[in-house]
Amino acid sequence: MADTTSAAITRLTLTDFRNYERLDLEFSEPLVALVGNNGLGKTNILEAISFLTAGRGLRRAPFADIARVSGSGNWAVSAVLEADGLETRIGTGFTANEPGRRVRIDGEDVKSSERLLDYMRILWLVPAMDGLFTGPAGDRRRFLDRLTLSIDPGHGRRVSDFEKALRQRNRLLEHGGSDSYLSAIERQVAELGTAVSIARHETVSLLGETLKVQAEAGLPFPTASLTLEGAFETATVGMSASDREDHYLELLREGRGRDRAAGRTLMGPHLSDLEVRHVAKAMPASRSSTGEQKALLVGLILAHADLTAAVSGMNPVLLLDEIAAHLDPNRRAALFSRLASLGLQAFMTGTDELLFKDMPEGSQVFRLSDGRVEPLPPAD
């Protein structure tokens, strides 16, 4: 992908973040492994990096909970990015008793974390996602929305506004809002919900095509097929955007009595589900073995990295927490080789450096122990 830009973090600084009072790390290679026993703060470093993009970070934790326990209640993350030979300094942080986090780019405050998407896209795969295929539909919607955000920077705001409009409609129904007020908010719900649904469908379609291409490359990861399912999708299949919006608006009007009784809106893309299937076995991913589900997720993330680069023109940074332990040696070696060929920066964690022995020459390995993070010398 000669036409893509690869943004790489060359320096990362944490202040009062989780268990770190102060941490300064420098990175000089695209593939980075953080190794050490559990509970030492490997995932905390990945979480810090995840705040260098839009959203709530890979743990979705309340900002106040991220501050170091014995600290001031504030925390900060800053980084130096290098892309096409140019450096950009980005940072984010939280001050106790303030409503949200602040973001700065080259020393200037910016209004929204969405601006960070202009400089870097970040994707992650963490152990909490291991139950993605068997867990609640809401987890899969958030997963799909995160995938969509990396190729459509406006999607996060769109989803947030849609959810806000839904809450307003539910309150109006509960408190006996007038028809005129309900009609106005339902117009917003229909417009935003239709836009959210269309963006999700586009991501599913593009990612499906990318997965087919990846399968042809012969990688040892099972191929997944994706579909967006739900009553709203069934009711609006084949409709144009305007017809879909009008139909949704009519469904909302007709469903007021039912929704008032239920205390929530019972129709719309907020109830849609991402259906994932194991292609070779012709079965839902939820019925695959734990190992195959992990391999399906890895294949999805690798395909999405390809798609992100193709659509945005930027190779994403990947955060892969405890990635190596659940892959057999063949798949581990294939993963490292594929990451190197993608030309992106990836941060991985594990408990043993031997899990990363097949990483390409020049990769960096850091060991965590006794509150320190130290680089290991290159392997012979």
Sole candidate of D16, T15, N19 that passes side-chain hydrogen bond (donor to acceptor under 3.5 Å, both in side chains) when paired with R68 |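 For R68, the side-chain hydrogen bond (donor to acceptor under 3.5 Å, both in side chains) check succeeds only for D16.
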Does the side chain of [X] reach to within under 4.5 Å of the side chain of [Y], using non-hydrogen atoms?
X	Y	answer
S197	Y248	no
L147	L207	yes
H278	L296	yes
T194	T236	no
V80	I9	no
M348	V32	no
R157	D161	yes
L344	L318	yes

Under 3.5 Å, is there a donor-acceptor pair between the N315 and T5 side chains?
->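 On atom types as modelled, these side chains do not qualify, holding no pair under 3.5 Å.
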Is the closest side-chain donor-acceptor distance between H270 and T265 under 3.5 Å?
->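 Per modelled atom types, H270 and T265 side chains form no pair under 3.5 Å.
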Are the charged groups of [X] and [Y] less than 4.0 angstrom apart, N to O?
X	Y	result
K294	D130	yes
R141	D273	no
D152	R158	yes
R18	E47	yes
R115	D118	yes

Could you check whether atom [atom1] of [X] has more than 12 heavy atoms from other residues, nucleotides or ligands sitting under 6.0 Å from it?
X	atom1	answer
D65	CG	yes
E374	CD	yes
E21	CD	no

Looking at the rings of F27 and F366, which for Trp means the six-membered one, are their centres under 6.0 Å apart?
->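 They qualify: ring centres under 6.0 Å apart.
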Is the W124-F347 ring centre distance short of 6.0 angstrom?
->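 Ring-ring flag for W124/F347: false, centres at least 6.0 Å apart.
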Under a single-linkage definition using a 4.5 Å side-chain heavy-atom cutoff for Ile, Leu, Val, Met, Phe, Trp and Tyr, are F162 and I198 assigned to the same hydrophobic cluster?
->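 No, F162 does not connect to I198 through the hydrophobic network.
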Is there a chain of hydrophobic side chains (I, L, V, M, F, W, Y, each step under 4.5 Å between heavy atoms) that links I185 to Y181?
->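 Same cluster: I185 reaches Y181 through Ile, Leu, Val, Met, Phe, Trp or Tyr contacts under 4.5 Å.
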Only one of I301, N330, L327 forms a side chain to side chain contact (heavy atoms under 4.5 Å, CB included) with L335, so which one is it?
->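 Among I301, N330, L327, the one that satisfies the side chain to side chain contact (heavy atoms under 4.5 Å, CB included) with L335 is L327.
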Looking at V126, N38, L355, which one forms a side chain to side chain contact (heavy atoms under 4.5 Å, CB included) with E322?
->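 Testing each of V126, N38, L355 against E322, the sole residue satisfying side chain to side chain contact (heavy atoms under 4.5 Å, CB included) is N38.
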Please check if the side chain of R200 supplies one atom and the backbone of A195 the other of a donor-acceptor pair under 3.5 Å.
->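 Here the side-chain-to-backbone pair does not exist.
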Answer yes or no: is there a donor N or O on one side and an acceptor on the other, between the side chain of E229 and the main chain of S272, under 3.5 Å?
->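 Such a contact is absent between E229 side chain and S272 backbone.
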R331 versus A295, closest heavy-atom pair with distance =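 Smallest interatomic distance, heavy atoms only, reads NH1-CB, 3.4 Å.
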Any salt bridge (Lys or Arg N to Asp or Glu O under 4.0 Å) pairs touching residues 277-287, not counting sequence neighbours?
->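 Qualifying pairs: none.
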After noting the C-alpha distance and the side-chain angles of F51 and W75, does the key distance pass the ring-ring contact (aromatic ring centres under 6.0 Å, His included) rule?
-> CA-CA 12 Å; F51 279 113; W75 56 264; 5.2 Å; yes
